[in-house]
Amino acid sequence: VISQVTGKRALTDRLLNSWKSLIHERTIICDKLNCQYAVLIAPNKHCVYPSYLPDGILVSNQRPAVQLANSITNVYYPLQPLKAFKNPYAYYKNDTHWNSLGACCAWNNFFIHFYGKYDVFIDTAKVEEYTPLYNDLGSKVSSYSMPQSHRVLHSFTSSQIYNNFIRNTGNIQIYNNKNKQLKRGVVFGDSFTNAQPPYIAEFFSELYFFWFPCVYSEVVHKIRPDIV
């Protein structure tokens, strides 16, 4: 990760073109099904809060996430909106992931970026302090106290109707929203998505989340959502 963040492992022209071709192919598949394909890149915490990196480690603008966002129109990288959160922070202190503050900020701005205006905007000013149950970094230390974090206070209109309870890769969750005027979404993601699905589900009338490493066209064909 550090090699990518510092630009020592940037995408070569060949790799960048491969990514462009892959995203273009996925876009064509979705276009034929009358749905939109978009990519949301979750920024590494190192890039959002670079002042906490060790001396001598500098974040480069020639890193893969920036290269992709600058080269492909349907790739969104919400770095600047997340940088605005300093107190409270948008990421857990002893964890690599964003908290609900970061997730809501990213998805609010995702819809603003692609649609200009959307029916849902989660207020990130209303938060409460709490103690997370698990941190993927801090949990590796045998003796430590869980640092406090913040979560967004929100009255949810969506609810989970299915979860296969597979941990990590292979997890599937489905949410229904009382607001049926919103778009139907299929999200292929990783732990950044899995950590905050109740908040993400607020943006969709139906949300199908798949913790898969790839986009599966068979799933898109079967569900036929508005957004992938």
Side-chain angles (χ1 to χ4, degrees), residues 27 30 34-45 47-49 65-66 68-70 72-92 95-130 132 148-161 163 173-211 223-228:
T27 302
C30 289
N34 198 30
C35 64
Q36 179 180 0
Y37 178 69
V39 179
L40 170 61
I41 300 178
N44 281 310
K45 187 165 65 172
C47 301
V48 179
Y49 302 116
V66 176
L68 290 170
N70 288 343
I72 308 170
T73 56
N74 50 341
V75 172
Y76 179 58
Y77 182 56
L79 179 66
Q80 294 308 317
L82 288 165
K83 279 179 171 287
F85 290 92
K86 299 287 178 63
N87 186 20
Y89 291 99
Y91 287 66
Y92 298 108
D95 196 286
T96 54
H97 301 91
W98 56 31
N99 53 27
S100 61
L101 209 60
C104 292
C105 169
W107 282 91
N108 278 339
N109 285 280
F110 171 88
F111 281 99
I112 291 172
H113 178 79
F114 285 109
Y115 296 100
K117 184 179 180 181
Y118 194 63
D119 291 339
V120 176
F121 187 92
I122 297 179
D123 186 358
T124 54
K126 299 177 180 179
V127 298
E128 66 175 358
E129 196 172 43
Y130 80 112
Q148 294 290 99
S149 187
H150 290 82
R151 60 186 169 199
V152 175
L153 293 172
H154 180 72
S155 297
F156 293 95
T157 58
S158 60
S159 58
Q160 186 184 88
I161 62 171
N163 190 334
Q173 298 180 44
I174 303 174
Y175 287 79
N176 268 349
N177 200 318
K178 294 177 182 177
N179 187 349
K180 301 303 180 184
Q181 304 304 311
L182 302 174
K183 297 181 181 297
R184 297 171 67 247
V186 168
V187 174
F188 296 96
D190 56 13
S191 53
F192 271 88
T193 311
N194 186 66
Q196 309 295 341
Y199 291 95
I200 299 170
E202 291 294 280
F203 293 92
F204 300 96
S205 60
E206 297 174 18
L207 171 66
Y208 299 82
F209 166 65
F210 298 87
W211 188 337
I223 298 174
R224 294 182 176 267
D226 300 305
I227 307 176
V228 177

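Computed from heavy atoms alone, side chains included, the values below leave out hydrogens, waters and symmetry copies.
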Is there side-chain contact between Trp107 and Leu40, with at least one heavy-atom pair below 4.5 Å?
yes
Which atom of His150 lies closest to which atom of Ser100, heavy atoms considered:
O-OG, 4.1 Å
Side-chain touch Pro78/Phe110, heavy atoms, less than 4.5 angstrom
no
Hey, are Glu128 and Tyr130 close enough side-chain-wise for a donor-acceptor pair under 3.5 Å?
no
Would you check if the distance from the ring center of Phe204 to the ring center of Phe111 is below 6.0 Å?
yes
Could you tell me how the ring of Phe203 sits relative to the ring of Tyr118: parallel (under 30°), tilted (30 to 60°) or perpendicular (over 60°)?
parallel
Whether the side chain of Ser158 engages the backbone of Asn177 through a donor-acceptor N/O pair (distance < 3.5 Å, no angle test) should be reported.
no
Which atoms form the tightest heavy-atom contact between Cys104 and Thr124, and what is the distance?
CB-CG2, 3.8 Å
Counting heavy atoms not belonging to Lys180, are there more than 12 under 6.0 Å from its NZ?
yes
Distance in Å, Gln196 CD paired with Ser191 OG, rounded so as to fall on 0.5 Å steps
10.5 Å
Hits for side-chain contact (heavy atoms from CB on, under 4.5 Å) against Asp226, two or more places apart or cross-chain, chain-then-number order -> Lys183, Arg184
With a 3.5 Å distance limit and no angle check, can you tell me whether Asn99 reaches the backbone of Gly102 through a side-chain donor-acceptor pair?
yes
Is there a donor-acceptor contact under 3.5 Å from the side chain of Asn194 to the main chain of Gly189?
no
Quick one: CG on Asn179 to OG1 on Thr157, what's the gap to the nearest 0.5 Å?
6.5 Å
Does the side chain of Thr193 come within less than 4.5 Å of Trp211's, by heavy atoms?
no
Any chance you could lay out the side-chain contact (heavy atoms from CB on, under 4.5 Å) test for Ile200 and Phe209, step after step, and finish with the verdict?
CA-CA 10 Å; Ile200 299 170; Phe209 166 65; over 6 Å; no
Roughly how far, to the nearest 0.5 Å, is the CG atom of Leu182 from the CD1 atom of Ile227?
9.5 Å
Test item: Pro197 and Tyr175 side chains (from C-beta on) under 4.5 Å apart, heavy atoms
yes
Ignoring hydrogens, what is the shortest heavy-atom contact between Val152 and Asp123? Give both atom names and the distance.
CG1-O, 3.5 Å
Parallel, tilted or perpendicular: ring planes of Tyr76 versus His113, cut at 30 and 60 degrees:
parallel
May I ask you to test the Val39-Ile72 pair for a side-chain heavy-atom distance under 4.5 Å?
no
Aromatic ring pairing Phe156/His154, orientation class (parallel under 30°, perpendicular over 60°, tilted between):
perpendicular
Counting only heavy atoms from other residues, nucleotides and ligands, does the tally under 6.0 Å from CD of Gln181 exceed 12?
no
Step-by-step side-chain contact (heavy atoms from CB on, under 4.5 Å) determination, Asn74 to Tyr37:
CA-CA 7 Å; Asn74 50 341; Tyr37 178 69; 3.8 Å; yes
What one should report as the nearest heavy-atom pair of Cys47 and Lys83 is O-NZ, 3.2 Å
Are the side chain of Tyr92 and the backbone of Pro132 linked by a donor-acceptor contact shorter than 3.5 Å?
no
Just so I know, are the side chains of Tyr91 and Tyr49 near enough to count as touching, which here means a heavy-atom distance under 4.5 Å?
yes
Taking the side chain from Asn108 and the backbone from Phe121, do they hold a donor-acceptor pair closer than 3.5 Å?
no
Quick one: does Lys45's side chain get under 4.5 Å of Tyr89's, heavy atoms only?
no
Rounded to the nearest 0.5 Å, the NZ atom of Lys126 sits from the OG atom of Ser155 at a distance of 8.0 Å
Can you tell me how far the CZ atom of Phe210 sits from the CD atom of Gln173, to the nearest 0.5 Å?
11.0 Å
Measure the shortest side-chain to side-chain distance between Gln36 and Tyr115 over non-hydrogen atoms and say whether it is less than 4.5 angstrom.
yes
For side-chain contact (heavy atoms from CB on, under 4.5 Å), just list the numbers for Leu153 and Val127, CA-CA rounded to whole Å, side-chain angles, deciding distance to a tenth of an Å, and then say yes or no.
CA-CA 5 Å; Leu153 293 172; Val127 298; 5.7 Å; no
